[in-house]
Amino acid sequence: MKKLLASLLVFSSLTCAGCFFQPEKQEDTRFMMDTIVTITTTGNSKKDLTDATNDAMSLFQTIATQTDPYAEQGPEDLYAINQAAGRGPHKASPYLMDILSQVQPLQDRNLDLTLGPVIQVWNRHKEDKTVPAKAEIAQALAKCGPEKYTLDVAGNTVTLAPGAQLDLGAVAKGYAVEQAAELLRRDKRVKTALINAGGNIKVLGSKEDGSPWKIGVQDPRNPQKVLGTLAVKDGTAIATSGDYQRYYEVDGKRYHHILDPRTGWPAWNARSVTVVTHSAFWADYYSTLLFVLPWQKAMDLVEQNPDLEMLYVEEDGTVHLSSGLKTIYTPE
């Protein structure tokens, strides 16, 4: 476990420097959702900050439990819903239903929450460091697609087609970060906070000297370096998707965990994509979706949305910045 924790710390996609100058500071780090989650708060009372941080961590763990597709949790959580595939409507827990009800109406084929069958194929091959056969991927991909599940929001139920499996890895961490951040924002005991869940980041409050928060964007080919620094303000959310976070190699080819829903194979357009916006949930969502796209299509989508900014690193290392980042990003 120590080796795993160290590895995850090394491969965290974003770093923070020079963030806090308040009289009291509390930092809590735990392992959840297969990553390192750190919540740092500042305020007037160490005890109050400890209690507030514990509350936020407890909420994060609740969401982690409800969205875990691999372990049996409660009767309304994701594992139970997946087990009920093909057997009609199944009751969903509140946070799970909230996630699905926000993503499902978008029906975007570039981010598919039903990729569970394909993800399971890749997980099995990762253990042996082998590459699936094309037919194996095709068979699993046939069980996927936005049409493979329906929601009854009024009844809080999810209906999965036979063989379908939901996997919320593309959005669950960002959602948990956003929910924990909102809890801390409402907490009068907390002046500032920074939540970092494996590179899914949210900053709250303003530093006493009025300077912006400084967030470093990791070089996807060198965990000891950053590509540059983002200067961001209160309420900013940042998420990075990268091919360096979870991968294995076969014959020099990198097989990573971000899959193209149209092919079932890893998306090989980018090394990393960093999204800057106001919601950690949507930062997580779009960092995954944009990673799948070629850089120009990704940039076109971002420039059409005034709430989105992006740093896109192509497979050959070329860096592209959206127009809104050029005033807040400083390259190394």
Side-chain angles (χ1 to χ4, degrees), residues 4-16 33-38 110-111 115 119 122-123 126 167-177 195-202 215-230 232 237-250 252-261 263 265-277 280-295 297-299 301-302 308-322 325 329 331-332:
L4 175 60
L5 292 178
S7 175
L8 287 168
L9 281 169
V10 167
F11 286 106
S12 176
S13 52
L14 296 162
T15 60
C16 175
M33 290 185 171
D34 289 329
T35 196
I36 299 296
V37 178
T38 299
N110 294 303
L111 192 148
L115 276 181
I119 292 171
W122 282 104
N123 285 344
K126 183 179 180 179
D167 189 292
L168 306 186
V171 294
K173 282 193 289 291
Y175 180 84
V177 168
I195 305 173
N196 184 353
N200 289 274
I201 288 178
K202 181 88 176 203
I215 307 294
V217 182
Q218 184 181 308
D219 184 330
R221 289 296 178 267
N222 188 339
Q224 306 305 320
K225 293 184 179 181
V226 295
L227 293 174
T229 304
L230 292 164
V232 299
I238 302 169
T240 295
S241 291
D243 68 358
Y244 56 91
Q245 294 165 333
R246 290 193 298 250
Y247 72 95
Y248 66 101
E249 292 186 356
V250 177
K253 183 73 171 179
R254 181 179 299 234
Y255 296 90
H256 59 80
H257 73 293
I258 306 174
L259 305 179
D260 185 336
T263 66
W265 291 80
W268 283 304
N269 293 307
R271 290 183 182 180
S272 70
V273 173
T274 298
V275 168
V276 182
T277 187
F281 173 58
W282 292 113
D284 199 9
Y285 174 92
Y286 278 106
S287 70
T288 306
L289 186 154
L290 295 169
F291 186 96
V292 173
L293 301 177
W295 83 264
K297 287 187 176 181
M299 191 63 72
L301 189 156
V302 169
L308 283 180
E309 301 297 341
M310 177 186 71
L311 186 153
Y312 189 111
V313 184
E314 286 190 81
E315 178 55 36
D316 65 1
T318 304
V319 177
H320 302 277
L321 287 177
S322 63
L325 281 193
Y329 176 75
E332 284 293 306

Self-check item: side-chain contact (heavy atoms from CB on, under 4.5 Å) against Ala298, all qualifying residues, sequence neighbours excluded
Solution: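 Ala298 satisfies side-chain contact (heavy atoms from CB on, under 4.5 Å) with Leu290, Leu293, Met310, Tyr312 only.
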
[atom1] of [X] to [atom2] of [Y]: how many Å apart, nearest 0.5 Å?
X: Met299; Y: Leu308; atom1: CE; atom2: CG; answer: 11.5 Å
X: Tyr329; Y: Thr229; atom1: OH; atom2: OG1; answer: 7.5 Å
X: Ser287; Y: Leu111; atom1: OG; atom2: CG; answer: 9.0 Å
X: Leu311; Y: Leu325; atom1: CG; atom2: CG; answer: 6.5 Å
X: Ile195; Y: Thr38; atom1: CD1; atom2: OG1; answer: 10.5 Å

Could you tell me if the side chain of [Y] sits less than 4.5 Å from the side chain of [X], heavy atoms only?
X: Gln218; Y: Tyr244; answer: yes
X: Arg221; Y: Asp243; answer: yes
X: Phe281; Y: Val171; answer: yes

Practice problem: Decide side chain to side chain contact (heavy atoms under 4.5 Å, CB included) for Val232 and Ile201; before the verdict, give the C-alpha distance in whole Å, the side-chain angles of both, and the deciding distance to 0.1 Å. | Solution: CA-CA 11 Å; Val232 299; Ile201 288 178; over 6 Å; no

Self-check item: Side-chain donor/acceptor of Asn269 to backbone N/O of Val292, under 3.5 Å
Solution: yes

Quiz item: Any donor-acceptor pair under 3.5 Å linking the side chain of Trp268 with the backbone of Arg254?
Solution: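 Yes; at least one donor-acceptor contact below 3.5 Å.
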
Minimum heavy-atom distance [X]-[Y], with the two atoms named:
X: Glu309; Y: Val302; value: CA-CG1, 3.9 Å
X: Ile238; Y: Ala283; value: C-CB, 4.3 Å
X: His256; Y: Pro266; value: O-CG, 3.6 Å
X: Ala170; Y: Thr288; value: O-OG1, 3.6 Å
X: Gly242; Y: His257; value: O-CE1, 3.7 Å
X: Gly198; Y: Gln245; value: O-NE2, 4.5 Å

Self-check item: Step-by-step side chain to side chain contact (heavy atoms under 4.5 Å, CB included) determination, Leu227 to Asp219
Solution: CA-CA 5 Å; Leu227 293 174; Asp219 184 330; 3.9 Å; yes

Quiz prompt | Candidate pair Leu115 and Asp167, rule side chain to side chain contact (heavy atoms under 4.5 Å, CB included), full reasoning | solution = CA-CA 6 Å; Leu115 276 181; Asp167 189 292; 5.7 Å; no

Quiz item: Parallel, tilted or perpendicular: which fits the ring planes of Trp122 and Tyr248, with parallel below 30° and perpendicular above 60°?
Solution: tilted

Quiz prompt | Tyr286 and Trp282 aromatic ring geometry - parallel, tilted or perpendicular at 30°/60° bounds | solution = tilted

Quiz item: Out of Asn200, Ile258, Val275, which residue meets the side-chain contact (heavy atoms from CB on, under 4.5 Å) rule with Ser241?
Solution: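 The option that passes is Ile258.
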
Quiz item: Name the one of Val273, Val313, Thr274 that satisfies side-chain contact (heavy atoms from CB on, under 4.5 Å) with Phe291?
Solution: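 With Phe291 as partner, side-chain contact (heavy atoms from CB on, under 4.5 Å) holds for just one option, Val273.
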
Self-check item: Test log, rule side chain to side chain donor-acceptor pair (under 3.5 Å), inputs Glu314 and His320
Solution: CA-CA 8 Å; Glu314 286 190 81; His320 302 277; 2.7 Å; yes

